[in-house]
Amino acid sequence: MVDSIGVAVIGAGMAGKAHAAAWRNAPSLFAPTLPPVRLVSVCDAYEPVAEESARRFGYELHDTDWRAVAAADDVDVVSVVVANHLHREVVAGLLDAGKHVLCEKPLSDTLDDARAMADAAGRAAARGLVARVGFTYRRAPGLAAIEQLVGDGTLGRVLHVSGRYWTDYGASPDVPTSWRFTGAPGTGALADVGSHLTYVAEFLAGPVRSVSGGTFTTAITERPVAAGFALRGQDVPLTGERAAVGNDDYATFSARFGDGSVVGSLEVSRVAAGHPNGLVVEVFCEHGAARWDQERPSEIGLALQSDGPRTGGYRQVVLGPDHPYVAGGMAMDAPGVGWGQNQMFEYQARAFLDEVAGVADPLPRNATFDDGVHNMEVLDAVARSAAAGGATVTVPAASGATATVPAASGAKSRPTTGGTPNTPATPATTTPDTQEQHA
């Protein structure tokens, strides 16, 4: 095991802060104990944000150029949480400099760049470097618990899946234009939150084989132009000009999973007023059904046909130490304590540190860059389906994606599932700026 691990975060927006906090907290989770983790630097092109985040989360210093992080001898592990179109350059530079890299989803803004990044990750692996992409929702105890119930036969074979990810960050026409609202159809809500929904659906139902019925709409066709820099939710002066919105506020599509017999419908929106972060997934199986709602993350709904008609129907199952990630993964890991999305980033960081440190009993690994390419291929297929009036588009078979970890009943302290997917990955179309990404 290594003596210590120096960590840096590039990008200090919303998701960047989640990464910064996660590296700080991850060593306190689970056993065995990790080697000392040194919080070295938070880097952002906007220095006030970099400086504030470094002070807030206890990092030794801040930087404004990612190259300074790449050149730092005391940095071993780096989170990349910047604009999607910058991922390839930054990740390649870090890998060349001998850093282990955890890259936020989506892997890049184009499939060509994503595939080049996957090739670079393969070459880096030969030098002992770890390159992973963050599919954070696979760390949700509720989703991991449902995956176990499918895998251990309690729910049995999946018949169909339904999912939606409704957000409202673009619901007001007064929200200024940004990277989120530029680009071609498919680079909007689909690439932003649809990337999450797609790998979550695959986590439960298997790899997407084909998509059909791709549909995009743009509800707000132009937005004001900001005169300065602002993080999401902050007021910013406006220039008085307006810019056209080029991509999708809403997207929906159908998919076939696994051998093609499992079907599903998926829907995403960034203009769903009243839903700041509304990810809901429901899976229907031969022995029952299960449901998880991000707005109620500390529970799942479970219905089993074996209960019979008198007592059947959905029941509330409150997550606790008998479910993945909870026992040992929270400071107070007692039943009914509650759980939230920030812990997902902590479990993701802990899994990455486990892999880098070579601990004997690691958490399930994070998704590979090949997984990231696959997810982008799924979303690219949706965009092509929409362009062809909803035609069916086949998704290439995942190449080199991580294999799922077999489910095991009774998993408590360390989950046996919830890290590696059934063949998931990341989106093929987005262009965030250097400051933030949707959680």
Side-chain angles (χ1 to χ4, degrees), residues 83-85 87-88 103-118 133-138 161 163-167 179-203 205-218 246-257 264-270 279 281 367-388 390-399 401 421-432 437-438:
N84 299 352
H85 71 277
H87 284 186
R88 179 179 179 179
C103 183
E104 254 297 340
K105 71 89 203 169
L107 193 55
S108 186
D109 64 329
T110 70
L111 272 170
D112 285 345
D113 279 359
R115 288 166 178 151
M117 290 170 67
V133 63
F135 286 172
T136 316
Y137 279 108
R138 287 193 343 213
V161 62
R164 51 96 163 160
Y165 202 155
W166 292 345
T167 64
W179 62 266
R180 297 180 184 278
F181 306 107
T182 62
T187 66
L190 179 70
D192 189 10
V193 294
S195 55
H196 282 303
L197 181 59
T198 300
Y199 72 69
V200 165
E202 289 191 306
F203 183 58
V208 171
R209 177 177 181 177
S210 65
V211 302
S212 61
T215 302
F216 298 147
T217 61
T218 304
N247 55 25
D248 42 296
D249 286 332
Y250 171 91
T252 185
F253 64 98
S254 297
R256 289 190 174 272
F257 300 84
S265 61
L266 305 177
E267 177 187 34
V268 297
S269 175
R270 64 187 181 195
L279 171 59
V281 178
T368 67
F369 277 20
D370 286 317
D371 293 324
V373 170
H374 168 72
N375 184 252
M376 292 182 67
E377 289 174 336
V378 173
L379 300 190
D380 178 69
V382 175
R384 288 189 284 127
S385 173
T392 298
V393 177
T394 300
V395 176
S399 173
N422 292 345
T423 120
T426 303
T429 43
T430 334
T431 343
Q437 291 187 344
H438 196 277

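Model, not experiment: these values are computed from the prediction.
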So, using side-chain hydrogen bond (donor to acceptor under 3.5 Å, both in side chains) as the criterion, who are the partners of Arg88 when residues are at least two apart? Asp113
Roughly how far apart are Asp192 CG and Ser269 OG, rounded to 0.5 Å? 11.0 Å
What are the two closest non-hydrogen atoms of Val395 and Ala381, and how far apart are they? CG2-CB, 3.8 Å
Arg164: which residues meet the side-chain hydrogen bond (donor to acceptor under 3.5 Å, both in side chains) condition with it, sequence neighbours left out? none
Distance-minimising heavy-atom pair for Phe135 and Ala367: CD1-CB, 3.5 Å
Could you give the distance from CZ (Phe181) to OG1 (Thr218), rounded to the nearest 0.5 Å? 11.0 Å
Under the side chain to side chain contact (heavy atoms under 4.5 Å, CB included) rule, collect the residues that match up with Ala118, sequence neighbours excluded. Phe369, Asp370, Val373
Donor-acceptor pair, side chain of Asn247 and main chain of Thr182, under 3.5 angstrom: yes
For Ala205 and Val161, which heavy atoms make the closest approach, and how far apart are they? CB-CG1, 4.3 Å
Compare every heavy atom of Gly194 with every heavy atom of Val268, then report the nearest pair and how far apart it is. CG1-CA, 3.6 Å
For Cys103 versus His87, what's the shortest heavy-atom pair and its separation? SG-ND1, 3.4 Å
Report yes or no: does Tyr137 contribute a side-chain atom to a donor-acceptor pair with the main-chain N or O of Tyr199 at less than 3.5 Å? no
Tell me if a side-chain donor or acceptor on Thr167 pairs with a main-chain N or O of Tyr165 at a distance below 3.5 Å. no
Distance-minimising heavy-atom pair for Ser385 and Val211: CB-CG2, 4.3 Å
Nearest-0.5 Å distance, NZ of residue Lys105 to CG of residue Asn84: 7.5 Å
If you round to the nearest 0.5 Å, how far is OG1 of Thr110 from CE of Met117? 9.5 Å
With sequence neighbours left out, write down each residue that passes side chain to side chain contact (heavy atoms under 4.5 Å, CB included) with Arg256, or none if nothing qualifies. Ser210, Val263
Side-chain donor-acceptor contacts of residues 248-255 below 3.5 Å, not counting sequence neighbours, with atom names and distances?
{"residue": "Asp248", "atom": "OD1", "partner": "Gly186", "partner atom": "N", "Å": "2.6"}
{"residue": "Asp248", "atom": "OD1", "partner": "Thr187", "partner atom": "N", "Å": "3.4"}
{"residue": "Asp248", "atom": "OD1", "partner": "Gly188", "partner atom": "N", "Å": "3.1"}
{"residue": "Asp248", "atom": "OD2", "partner": "Ala189", "partner atom": "N", "Å": "3.1"}
{"residue": "Asp248", "atom": "OD2", "partner": "Leu190", "partner atom": "N", "Å": "2.9"}
{"residue": "Asp249", "atom": "OD1", "partner": "Arg270", "partner atom": "NE", "Å": "2.6"}
{"residue": "Asp249", "atom": "OD1", "partner": "Arg270", "partner atom": "NH2", "Å": "2.9"}
{"residue": "Asp249", "atom": "OD2", "partner": "Ala219", "partner atom": "N", "Å": "2.7"}
{"residue": "Asp249", "atom": "OD2", "partner": "Ile220", "partner atom": "N", "Å": "2.9"}
{"residue": "Tyr250", "atom": "OH", "partner": "Glu267", "partner atom": "OE2", "Å": "2.7"}
{"residue": "Thr252", "atom": "OG1", "partner": "Leu266", "partner atom": "O", "Å": "3.1"}

Nearest 0.5 angstrom please: Thr368 OG1 to His374 NE2, how far? 10.5 Å
